[in-house]
Visitor: 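Could you have a look at this structure, given as structure tokens, before my questions?
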Number of protein chains: 2
Amino acid sequence: MSSESKAMFTPIKGSRTFEEVSDQIKKLIFDGVFKPGDKLLPETELAQQFNVGRQSIREALRILELSGFITIQKGGGGGAVIKDTISSTISRLFLDAFQMEKITIEELTVARFEIEKTVLKYAIANADETDLKRLQENVDDACKKIEANINVIDENIHFHNLLARASKNHLFIIVVEAVTTAVRHFMRQLGPDAEFSDDKKWYNENIIQSKTTLAYHREILSAVIEKNLNKAVDTLENHLQEVKNRLQPFAR
Amino acid sequence: MSSESKAMFTPIKGSRTFEEVSDQIKKLIFDGVFKPGDKLLPETELAQQFNVGRQSIREALRILELSGFITIQKGGGGGAVIKDTISSTISRLFLDAFQMEKITIEELTVARFEIEKTVLKYAIANADETDLKRLQENVDDACKKIEANINVIDENIHFHNLLARASKNHLFIIVVEAVTTAVRHFMRQLGPDAEFSDDKKWYNENIIQSKTTLAYHREILSAVIEKNLNKAVDTLENHLQEVKNRLQPFAR
DNA sequence: TCACATTTGTCCGTATGTATC
DNA sequence: AGATACATACGGACAAATGTG
């Protein structure tokens, strides 16, 4: 107990069986014993191996599932499969934070601009051919879909995730994905089901907005290719300012 | 089903009872029906109300607990209490991401500097008397503890959280807390239990490092008070560079 | 200090739904 | 279509922890 003097407030293990089970499995994943794609034993066998009841196993699996370590499928041949979905798990919690009104649209917009500004700096420095190709495909794809009158919210959101990926910094990638997930959530609420706007009117406006966004994305991409940071940042600022106006209905 | 045409990939509800239960309770929290401090009914009564088995209730509570919506205590007078711990939940997941080696020390340091640089900008613009007082108390507290030979990792980490709080942007607060939680985790691994370093030697070095950190924090604080952004950023850069060197053992 | 009630934690047995072959 | 394998779900029971009188 030599470390006991260090005054650390890490709480004592809750003495809960299912936590010990989930911790043990989590540790095996950290240590690489279980790799993505591996399938865990069925609940009944896990219960035997750990010498605990099935309920404890189930609650442990619930924890691992919600923490982004496994996915679970029902039915024959199903079961718990190791799969890394931590990023999307963090994004989901960010969305919860928004719905708990812990973050406002204003705060989101400010932080998003600042973070993506930094992302652009590193994207210009670190983007390789694959990144630029993905970004180019993204805008081309969005363009085609707009002409075919297909909604492009997902593509337009994904452009920002691709930019973050080009920065080669996984922390930025995770944070940007969390932010864009929240933005997409609000964007979807602006759909044709929203009050006082008939479908046709919304649809025309949506097309116009999509084209505007696409134009901004094209300009940002060309600025990244030219390695022109100032141009990229300026365009991003105008772009996000416009996005902010669109999200204004959710402002408090 | 008019929204069905919008091609959104929100998956169908998993048809899992415990998910429906947790979703319903979560919604009641979002809508303010349940407020922080409120206590949920006992598991058996919840099972009756929802007309489901107790096992489903337990798994639903597990989800809410892990998502940061409730805390649970055993024993008489215990139970599930509404409590907002989303921030610390996000921090925990970030730590998982590190242990899954999704983020490196290099990436952490770079992102941390960029984000805290921005935080300083907004802290200088938005900090009020209370923020400055808290920061001052933090450095004073750390100073006293160093003189009393008490470890000040927690205080020194908290300084950065207080800076983020002064920026008045909750997104920055959440991200900075996630980052500092990871840093603290690594710092603690550098304790006297680490290999090839006897306690006394580590202890002396720890004192020196604490004093160095304290000096940096004092200078950053005075720069914030003077509203001198350049000085604050320069000091932060030197500070984080030194922290990075200390974390080098974990670099891959 | 000592029961006692309350509530979570845990296990077992059993039944049902669902996906795969 | 039928058999199999698996998660999902219910009910009952007891153990353990914690606050109360």
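Any value given below was found using the heavy atoms of this structure, including those in side chains, with hydrogens, waters and symmetry copies removed. Naming: A, B, ... by sequence-line order, numbering from 1 per chain.
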Visitor: What contact category does A:L61 fall into here, base, sugar-phosphate, or nothing, at under 4.0 angstrom with non-hydrogen atoms?
Guide: nothing

Visitor: At under 4.0 Å between heavy atoms, what does B:G75 touch on the DNA or RNA strands: base, sugar-phosphate, or nothing?
Guide: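 Answer is base: heavy atoms of B:G75 come under 4.0 Å of a base.
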
Visitor: Find which nucleotide of DNA chain D each of B:V52 and A:Q73 is nearest to by heavy atoms, and output the residue with the more 5' nucleotide.
Guide: A:Q73

Visitor: Considering just the side-chain nitrogens and oxygens of A:S56, establish if one lies under 4.0 Å of OP1 or OP2 belonging to C:dC11.
Guide: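 It does, given that an N or O in the side chain of A:S56 lies less than 4.0 Å from OP1 or OP2 of C:dC11.
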
Visitor: Distance alone, cut at 3.5 Å: any donor-acceptor contact between the side chains of B:S67 and B:K26?
Guide: no

Visitor: Between B:H217 and B:F159, how do the two ring planes meet: parallel, tilted or perpendicular, split at 30° and 60°?
Guide: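 Parallel: the ring planes of B:H217 and B:F159 meet at under 30°.
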
Visitor: Between A:G76 and A:G53, just flag the one whose closest nucleotide in DNA chain C comes earlier from the 5' side.
Guide: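 Mapping each residue to its closest nucleotide by heavy atoms, the 5'-most match is A:G53.
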
Visitor: In whole Å, what is the span from the CD atom of B:E45 to the P atom of C:dT7?
Guide: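 My rounded result for the distance is 7 Å.
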
Visitor: Given atom CD of B:E59 and atom C1' of D:dC10, what is their separation to the nearest angstrom?
Guide: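 Interatomic distance, CD of B:E59 to C1' of D:dC10: 12 Å.
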
Visitor: Measure from the side-chain N and O atoms of B:D31 to the backbone N and O of B:L28, and report whether any donor-acceptor pair falls under 3.5 Å.
Guide: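 Here the side-chain-to-backbone pair does not exist.
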
Visitor: Would you call A:E43-A:R54 a salt bridge at under 4.0 Å N-O?
Guide: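 Salt bridge absent between A:E43 and A:R54.
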
Visitor: How many Å lie between CG on B:L46 and P on C:dT7, as a whole number?
Guide: 11 Å

Visitor: Apply side chain to side chain donor-acceptor pair (under 3.5 Å) to B:T213 and B:R246, showing your working.
Guide: CA-CA 12 Å; B:T213 298; B:R246 252 187 277 171; 3.0 Å; yes

Visitor: Using whole Å, what does the distance between atom C1' of nucleotide C:dC21 and atom NZ of A:K74 come to?
Guide: 19 Å

Visitor: Rounded to whole Å, please give me the gap between CZ in A:R16 and C1' in D:dA16.
Guide: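 Taking atom C1' of D:dA16 as the reference, CZ of A:R16 is at 14 Å.
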
Visitor: Within this structure, what is the CD-to-C1' distance between B:E43 and D:dA13, rounded to whole angstrom?
Guide: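 Atom CD in B:E43 sits about 15 Å away from atom C1' in D:dA13.
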
Visitor: Could you tell me whether the phosphate oxygens of C:dG9, OP1 or OP2, come under 4.0 Å of any side-chain nitrogen or oxygen in B:R62?
Guide: yes

Visitor: Give the rounded distance in Å between these two atoms: CD of B:Q48 and P of C:dT7.
Guide: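 Computing the B:Q48:CD to C:dT7:P distance gives 12 Å.
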
Visitor: On DNA chain C, does the nearest nucleotide to A:G77 precede the nearest nucleotide to A:F18 from the 5' side, or the other way round? Give the residue.
Guide: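 Looking at DNA chain C, the more 5' nearest nucleotide goes with A:F18.
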
Visitor: Nearest-Å distance, CZ (A:R58) to P (C:dG13)?
Guide: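 From A:R58 CZ to C:dG13 P: 17 Å.
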
Visitor: Would you state whether a donor and an acceptor, one from the side chain of B:R54 and one from the base of C:dG9, lie under 3.5 Å apart?
Guide: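 Side chain to base: pair present.
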
